[in-house]
Amino acid sequence: MAGVGKTRYNRRMNGSLSTIRDELLSGLNEPQRQAVSHTEGPLLILAGPGSGKTRVVTRRAAYLAATVTKPWHILAITFTNKAASEMRERIESLDVAEGMTVSTFHALCARLLRRYHEQVNLPRNFTIFDQADRRKVVKKAIEACDLSTTNWSPAGIEPVISRAKNELLRPRAFAETAIDFHSKTVARIYEQYDRMMRQMAGLDFDDLLMHIALLLTEDTEVREELEDRFRYVLIDEYQDTNAAQYRIARRLADGHRNICATGDPDQSIYGWRGADISNILNFEKDYPEAKVVRLEQNYRSTGRILSAAGSLIGCNTERKDKRLWTENEPGPDVRVIECESSDEEADRIAQDIGKQQRSGLKLSETAVLYRVNSLSRSIEERFIREGLPYQIARGVAFYNRKEIKDVLAYLRVLVNPADDVSLTRIINTPPRGIGQTTVQRLVASAEGVGQSLHSVVTGGGDLTALGRSAGKVGEFGKMLVQLASVMEQPVHDALEYVVKHSGLRALYSSMDDGDDAPINNINELVSAAVEFESQNEGATIGDWLEHTALLGDVDSVRDDSGMITLMTLHAAKGLEFDNVYIIGLEEGLIPFVRGHEDGDEEEERRLMFVGMTRARRGLVLLHARYRMMRGITERTIRSSFLDELPHDEVQWSAERTVVSPRRSRSVDHGTLPDDVEQWEVGTLVEHERYGIGRIMSIHRGHRRTHVEVMFRDGSRHRWVLEFAALKRVAFEDVGDL
DNA sequence: AATATTCCCGTTTTT
DNA sequence: CGGGAATATT
């Protein structure tokens, strides 16, 4: 929560009100001005990319605070923490509205649930379970229902439960909607999952939203309290709200109707996770008295970038027509580059950056965007080789590392002893001789008495049934009790103490000292805690855990880093760069399709639109003729989206460049047998270990050939042919089969 | 109980 | 291809 500091507000109030007003309205175009000066009643700001939305929103917040209300009555909700802190900074720099609440939906809900935990029947010290934790609990729930986790895969059930929660269906309500066998079974699992999560005082991301949405619906007292606290509500990126978020927004504004939604239907890219574009399309139906402002002048991009992006998005059929325009210069052509492979793609980008660097390109103003994270690999390799500094938007990945999760699991158990998932994780980490049979017995005994594992381990109860492990479990319990003594200390001290006395420091210090050695990451974690404390005075361990749980990938990108930024198209929403490279413009990738059913092509087009409009001056789109996906190199088809660009404003380059000379590829080639063309399904081969076998399938890629061989003993093996120790044998050499 | 090995799976985007 | 889980080994 943003601290309510001593306001510069008062000082500013000395200036006359009309002066402040004039200042806040200065330098704005007409629609922007209208949006800023609209105070009472619903307001919809339809803001195209680069149309100065953030500027309008921050000015308007300041305007509200200066004219009709106090900053603490203003609530602004964003999608990422990064957007929230940027907005907070920009508002505060206007010197008028310090003390506003600026938060993400999830962080806001978490905070409210701490306050209203009793109303939703939760302990105050609940902890937030990330997707991995949730996966584990879902799996346990499936097992507890006596179902096989192969027939009912956790990965398959999880999204169903998630969707139910987004639709605000508690287990019972969901069960009522279940009519067929499959959904009835899922309902049972959901119910079981819910029971287990409650027992562990755990909330998943969807719970945060669902509980607040339902609380606001069902508890009039709470709703009125919040309506009075938050008299002006602003929801950013409204086109990406899901049903739960929509409900929250509506309920918060029920009384006063001072709701301002900003967004752009053309940038709705989260349909797959339940976002409902009709929330923004129906805003005027929900609030018939709403004022609607359209921001269509673009201040960000060159004319050519804008017309290319506009031409693309114009191909969407389900769309409110909207025309973006700019007074900016046309700028250089948008470029499309055809490459041979992902390596060449990376090569071209590196070359291009190198060339432009000489004419003053700033690395921190350069981004490489892609549809799926796995595409970053070849770019990274290339940048490392070239010594080009880069950062990847992957904040979450850090917190997913084993050693980090281990440390956090200790803290989580201290904050919330009921958290069996975390306790199971740490009970034998570092190894202390408590194996899985012992853990199973502990679980059974905990279930027997309806207690948490923690209370069984620390309760001083009878552990003799565990045999020789009893002592070790007892010691572990004592250690937990001892660690709990640090709870009141500053977060980083507590953290250091826990790392040391849990034995994790010793465990990880002994490991190899590479660049990302576990111990370095742990140290980095401590630094992160120090930084968090410096920004949030008096923060508790619980606060910090909440913060880490709600971090997103984008939150890790720094603006002033002097590094190229690599990230997914999704993560790039809301950001801008001088130069943008988008890679992998190939059918199946952009637009993305998985399996056989078609994806949502219009949403894919919007995603591409978002990516293109991130660029201010330079936009380069690349595709490779061959690309390796999950181990197999395949011929690609270039994206149909490229055909939707205006031909005369795009520079097409199909020239083949020689891959740069110092990169000899012969090393990775392996030794290809001369007659490899003659190897085919049915060819007999010999392997020194498995003997004689027959090729069952062969897959010829661009520079790798994959074979699957079945041997006489019935075993089947797959190899990359170039690296496999296979010899071709003639039929007559084999003898009798 | 700890470690080494194989196998098998899924293949998007994220708060 | 790559990670995690099941399985084999010591």
Side-chain angles (χ1 to χ4, degrees), chain A residues 77-84 103-110 128-132 134-136 139 149-150 153-156 159 162 165-166 203-209 237 240-242 244-245 268-275 342 369-375 377-378 393-397 399-400 402 428-439 468-469 472 546-555 567-573 584 588-595 599-600 603-604 606-608 610-611 627-633 701 704 706 715-720:
Chain A
I77 301 178
T78 60
F79 256 76
T80 64
N81 296 293
K82 183 166 194 282
S103 172
T104 65
F105 265 109
H106 293 268
L108 173 74
C109 291
I128 298 169
F129 280 31
D130 66 24
Q131 55 281 22
R134 172 211 252 183
R135 178 72 50 91
K136 284 182 192 161
K139 189 172 175 219
T149 50
T150 42
S153 80
S162 175
K165 291 183 179 186
N166 283 168
L203 293 186
D204 62 33
F205 292 133
D206 302 316
D207 286 329
L208 297 171
L209 302 177
E237 309 282 15
D240 283 326
T241 49
N242 65 24
Q245 292 162 330
S268 165
I269 55 175
Y270 283 105
W272 53 274
R273 92 175 185 203
S342 59
L369 309 180
Y370 35 80
R371 181 63 234 260
V372 297
N373 278 117
S374 58
L375 294 193
R377 180 177 299 254
S378 56
R394 238 189 239 158
V396 175
Y399 288 90
N400 281 340
K402 294 156 284 320
N428 200 33
T429 311
R432 46 175 73 91
I434 304 176
Q436 60 181 25
T437 41
T438 307
V439 173
R468 60 174 72 256
S469 299
K472 305 189 168 175
E546 183 172 302
H547 168 78
T548 60
L550 295 176
L551 272 182
D553 278 334
V554 227
D555 299 329
M567 66 180 131
T568 63
L569 288 161
H570 282 87
K573 186 179 71 166
L589 216 41
I590 309 178
F592 192 86
V593 281
R594 74 155 171 194
D600 182 343
E603 180 159 311
E604 294 296 314
R606 293 194 291 268
L607 184 58
M608 178 69 188
V610 167
R627 186 177 299 278
M628 178 153 70
M629 298 292 284
R630 46 181 198 273
I632 294 169
T633 300
R704 296 284 148 83
H706 295 256
S715 66
R716 296 184 323 170
H717 298 270
R718 300 180 50 172
W719 285 284
V720 172

message: I'd like to check the side chain to side chain donor-acceptor pair (under 3.5 Å) partners of A/Arg432; sequence neighbours left out, ordered by chain and number.
response: A/Tyr410
message: Checking A/Thr104 now: which residues fulfil side-chain contact (heavy atoms from CB on, under 4.5 Å) with it, not counting sequence neighbours?
response: A/Thr78, A/Asn81, A/His106, A/Ala107
message: Roughly how many Å apart are B/dT12 and C/dA5, using the C1' atom of each and rounding to a whole number?
response: 23 Å
Those residues that, when tested against A/Lys472, pass side-chain contact (heavy atoms from CB on, under 4.5 Å) (two or more places apart): A/Ile434
- line: Across all chains, not counting sequence neighbours, the side chain to side chain donor-acceptor pair (under 3.5 Å) partners of A/Asn373 are none
- request: Please name all residues satisfying side-chain contact (heavy atoms from CB on, under 4.5 Å) with A/Lys402, sequence neighbours left out, ordered by chain then number.
  value: A/Arg425
- prompt: Residues two or more places apart in sequence or in another chain: which of them pass salt bridge (Lys or Arg N to Asp or Glu O under 4.0 Å) with A/Asp130?
  reply: A/Lys405
Please enumerate all protein N or O atoms sitting under 3.5 Å from an N or O of nucleotides 5-9 of chain C, with distances to 0.1 Å.
none

task: Report the residues that fulfil ring pair (Phe, Tyr, Trp, His ring centres under 6.0 Å) with A/His570, sequence neighbours left out, ordered by chain and then residue number.
output: A/Tyr270, A/Trp272
- prompt: Could you go step by step and tell me if A/Asp240 and A/Lys573 meet the salt bridge (charged side-chain N to carboxylate O under 4.0 Å, His left out) rule?
  reply: CA-CA 11 Å; A/Asp240 283 326; A/Lys573 186 179 71 166; 2.5 Å; yes
- prompt: Nucleotide by nucleotide, 5' to 3', does protein get under 4.0 Å of the base (B), only the sugar-phosphate (S), or neither (-) in nucleotides 10-15 of chain B, counting heavy atoms?
  reply: -BBBBB
statement: Sequence neighbours excluded, the answer for side-chain contact (heavy atoms from CB on, under 4.5 Å) partners of A/Ser342 is A/Glu345, A/Ser378, A/Arg627
Distances under 3.5 Å between protein N/O atoms and the N/O atoms of nucleotides 2-4 of chain C, please, pair by pair.
| from | atom 1 | to | atom 2 | distance (Å) |
| --- | --- | --- | --- | --- |
| C/dG2 | OP1 | A/Arg377 | NH1 | 2.8 |

query: Residues in salt bridge (Lys or Arg N to Asp or Glu O under 4.0 Å) with A/Asp204, at least two apart?
result: A/Arg134, A/Lys165
